[in-house]
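Letters go in sequence order (proteins before strands), and every chain restarts at 1.
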Amino acid sequence: MKNVLDILKERGLFEDCTNPEVGEVLSKPGVVYAGFDPTSDSLQAGNLVTILVLSHFQRCGHRVVALVGGATGMIGDPSGKTSERTLLTPEQVEKNLEGIRENLSRFLDFAHPTAPAQILNNHDWLGGFTFLDFLRDVGKHFRMGTMLGRESVRARLASESGMSFTEFSYALLQGYDFLHLFDSEGCRFQVGGSDQWGNITAGTELVRKLRSEEVYGITTPLVCDSAGQKFGKSEGNAVYLDPRKTSPYDFYQFFFRTTDADVVRFLKIFTFLTIDAIAELEQTVREAPEKREAQRRLAEDVTRTVHGEAGLQVALRASEVLFGGSIEGLSAADLAAIFADVPSVELTRGDVVGSPAIDVAAAAGLCQSKGAARRLVQSGGLYLNNVRVAGIETTVQPDDLVDGEVAVLRSGKKNFHLVKVLGDA
RNA sequence: GGCAGGGUACUCAAGCGGUCAACGAGGGCAGACUGUAAAUCUGCUGGCUACGCCUUCCUAGGUUCGAAUCCUAGCCCUGCCA
């Protein structure tokens, strides 16, 4: 079996490690963990990198532990943040943990015969710690000099907003996690984004000090698009893995819209396609970029993994119709099926027929306000049933409703809203 | 506890008595060009019953014909010192 480290390297998933001999150690099955912050009730596309790395580990015969930060999430990781975070309430954390468990179950094999994946919550061991015990048993082993020298701390201290003791202590908690998992699970590896470097080394150092054993940290690059933006945002919103927060259709579209410059890199990172297969796709990007072969493949593979074959099919069908052009000839039932996954609203007939299109767009939630809808029309960006709305005085006519009950509103090229009309005239 | 600085729209950040729904930048949205790409150019970016009206510049009061701008109190943030 291939060494997982080589796989990570050839896929652009390797950034750095705490000790160069990690490759040799990884030639034998071991236990690896990665932490996930419960800041939201669903993981996001950005978390995929870490999740996929864990998956690669599992495929190479290692046992993986996904650590959800029930305790650390209540503190807030200062890494990569420019300002102090808002604290989550225990209830929020608890709720978010549920969603994250659900997300992870789609990627990791919890029923693996020899090395099933596990999800652990660090609140289980950190929650009962008293402050005094923690200071004596853990805090004692952290040196102020090292901690203050950390990039994440230095940056924050130099900034105007400063840093609280709470966030400053974050690294200790995460460091202790590694120690705990080393003791209880025999875990010797931690993976995380490169922004986790400081937190990871806190753990490797703690284990070295207290157990005189070497444990290893491996970081993945922070994935950005070619514009330098952090990966995983679509129209300003995070792309979630939970279908209730980001529909399979939107999820598929997010990946489909990947730019040429990023698509090969993303294929390596986010799919399990072989390097050879990816090289072929790279060829198509060069020779026939307008076909978007690589983007299509990327979107299909990732959507299938996250939302299953059924989710993918819905996304594909919707994409075909929406970008295929006309919606003429489709029945209301067809539209309803296609848009099952696209935002839809139910309005009464009186609110729609005869009303200005801009009012309907606002009522449907396509635009934030009537003013926004008005501006949209004025710039020529509002479409009713794929036909541009000519002016702000345009009203919705009875025969604009497909089968008398459904209309499709669109803002720009890619934002669709389905309007269902309820009730009789 | 002392001293200093500060709280303005999604973010950063001007404004310091009327010309302010509030400069500018970033972001976002839309248009043109395209390949659901990139780059570029253009417009928009508080709400509305819209050539006008309404609600905004931490909160509550006050001064003034008139306040985001001045005063008072309060809340919060930050830095330095102790």
Side-chain angles (χ1 to χ4, degrees), chain A residues 78 81-87 154-168 224-239 247 249-267 281-282 284-300 302-303 315-326 342 351 355-359 361-363 365-384 386-393 395 409-417:
Chain A
K81 303 285 188 311
T82 51
S83 59
E84 184 96 8
R85 251 209 234 183
T86 317
L87 291 179
R154 274 219 311 270
R156 278 288 290 281
L157 287 180
S159 83
E160 221 174 76
S161 52
M163 180 180 220
S164 71
F165 177 74
T166 304
E167 287 200 355
F168 178 66
C224 294
D225 61 28
S226 51
Q229 292 298 307
K230 201 171 171 185
F231 173 82
K233 292 268 196 282
S234 166
E235 279 145 40
N237 300 312
V239 174
S247 73
Y249 165 74
D250 285 330
F251 189 86
Y252 175 88
Q253 286 290 326
F254 170 74
F255 281 95
F256 190 84
R257 286 184 200 126
T258 303
T259 77
D260 295 356
D262 293 326
V263 71
V264 170
R265 193 160 51 95
F266 285 4
L267 279 165
L281 287 168
E282 187 169 11
T284 70
V285 175
R286 262 202 304 277
E287 290 167 3
E290 73 285 355
K291 287 189 176 160
R292 308 180 67 78
E293 258 336 294
Q295 280 88 345
R296 191 179 313 278
R297 197 59 200 277
L298 172 69
E300 281 181 17
V302 183
T303 307
L316 283 176
R317 213 154 25 116
S319 300
E320 242 171 67
V321 172
L322 299 182
F323 292 96
S326 172
V342 171
D351 283 340
S355 300
I358 54 172
D359 289 6
L366 183 68
C367 301
Q368 294 223 323
S369 67
K370 290 181 189 178
R374 177 185 305 258
R375 289 188 294 268
L376 185 65
V377 170
Q378 281 166 347
S379 63
L382 181 67
Y383 300 78
L384 173 62
N386 278 357
V387 178
R388 179 176 285 176
V389 173
I392 55 175
E393 63 292 332
T395 56
L409 284 172
R410 184 175 116 216
S411 152
K413 283 182 197 164
K414 44 203 180 191
N415 296 306
F416 294 86
H417 265 64

Could you measure between the two [atom1] atoms, the one in [N] and the one in [M], and give it in whole Å?
{"N": "B/A60", "M": "B/G26", "atom1": "C1'", "answer": "34 Å"}
{"N": "B/C12", "M": "B/C58", "atom1": "P", "answer": "14 Å"}
{"N": "B/U36", "M": "B/G31", "atom1": "P", "answer": "14 Å"}
{"N": "B/G18", "M": "B/A67", "atom1": "P", "answer": "11 Å"}
{"N": "B/C23", "M": "B/A73", "atom1": "P", "answer": "32 Å"}
{"N": "B/G5", "M": "B/A38", "atom1": "P", "answer": "47 Å"}
{"N": "B/C71", "M": "B/U63", "atom1": "P", "answer": "15 Å"}
{"N": "B/C10", "M": "B/C57", "atom1": "C1'", "answer": "15 Å"}

Open item on the list: Donor-acceptor pair, distance only, cut-off 3.5 Å: does the side chain of A/Thr303 make one with the backbone of A/Glu300?
Closed with: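 A pair under 3.5 Å: no.
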
TODO: Kindly say whether A/Gly412 contributes a backbone atom to a donor-acceptor pair with the side chain of A/Arg410 at under 3.5 angstrom?
DONE: yes

TODO: Take the angle between the ring planes of A/Phe251 and A/Phe255 and call it parallel below 30°, perpendicular above 60°, tilted in between.
DONE: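 Judged by the thresholds at 30° and 60°, the geometry between A/Phe251 and A/Phe255 is tilted.
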
Please name the pair of heavy atoms, one in [X] and one in [Y], separated by the smallest distance, quoted to 0.1 Å.
{"X": "A/Ile392", "Y": "A/Pro356", "value": "O-CB, 4.3 Å"}
{"X": "A/Val285", "Y": "A/Ala294", "value": "CG2-CB, 3.5 Å"}
{"X": "A/Val377", "Y": "A/Val389", "value": "CG1-O, 3.9 Å"}

Under 3.5 Å for both donor-acceptor distances, Watson-Crick or wobble: does [N] have a partner, and if so which one?
{"N": "B/U55", "value": "none"}
{"N": "B/U49", "value": "none"}
{"N": "B/A38", "value": "none"}
{"N": "B/U72", "value": "B/A60"}
{"N": "B/G1", "value": "B/C81"}
{"N": "B/U19", "value": "none"}
{"N": "B/U11", "value": "B/A25"}

- [ ] Assess whether side chain to side chain contact (heavy atoms under 4.5 Å, CB included) is satisfied between A/Tyr252 and A/Arg296, documenting all intermediate values.
- [x] CA-CA 9 Å; A/Tyr252 175 88; A/Arg296 191 179 313 278; 4.1 Å; yes

Task: Flag if over 12 foreign heavy atoms under 6.0 Å of CD, A/Glu290 - done: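 Above 12, so yes.
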
Open item on the list: For A/Arg297, I'd like to know if atom CZ has over 12 heavy atoms of other residues, nucleotides or ligands within 6.0 Å.
Closed with: no

Write out a two-atom table: protein N or O, nucleotide N or O from nucleotides 41-47 of chain B, distance below 3.5 Å.
unit_1: B/C44; atom_1: O2'; unit_2: A/Arg375; atom_2: NE; d: 3.2
unit_1: B/G47; atom_1: OP1; unit_2: A/Ser369; atom_2: OG; d: 2.7

TODO: Could you tell me whether A/Tyr383 contacts a base, only the sugar-phosphate backbone, or nothing, with contacts defined as non-hydrogen atoms closer than 4.0 Å?
DONE: sugar-phosphate

Polar pairs (N or O, both sides) under 3.5 Å between protein and nucleotides 33-37 of chain B?
unit_1: B/U34; atom_1: N3; unit_2: A/Lys413; atom_2: NZ; d: 3.2
unit_1: B/U34; atom_1: O4; unit_2: A/Lys413; atom_2: NZ; d: 2.7
unit_1: B/G35; atom_1: O6; unit_2: A/Asp260; atom_2: OD2; d: 3.4
unit_1: B/G35; atom_1: N1; unit_2: A/Asp260; atom_2: OD1; d: 3.4
unit_1: B/G35; atom_1: N1; unit_2: A/Asp260; atom_2: OD2; d: 2.5
unit_1: B/G35; atom_1: N2; unit_2: A/Asp260; atom_2: OD1; d: 2.5
unit_1: B/G35; atom_1: N2; unit_2: A/Asp260; atom_2: OD2; d: 3.3
unit_1: B/G35; atom_1: N2; unit_2: A/Pro289; atom_2: O; d: 3.3
unit_1: B/G35; atom_1: N2; unit_2: A/Arg292; atom_2: NH1; d: 3.2
unit_1: B/U36; atom_1: O2; unit_2: A/Gln253; atom_2: OE1; d: 2.7
unit_1: B/U36; atom_1: O2; unit_2: A/Arg257; atom_2: NE; d: 3.3
unit_1: B/U36; atom_1: N3; unit_2: A/Gln253; atom_2: OE1; d: 2.9
unit_1: B/U36; atom_1: N3; unit_2: A/Gln253; atom_2: NE2; d: 3.3
unit_1: B/A37; atom_1: O4'; unit_2: A/Arg292; atom_2: NH1; d: 3.0

Task: Integer-rounded Å distance: B/C80 C1' and A/Met163 CE - done: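 Answer to the nearest Å: 19 Å.
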
Open item on the list: I'd like to check A/Phe266 versus A/Val302 (side-chain heavy atoms, cut-off strictly below 4.5 Å). Are they in contact?
Closed with: no

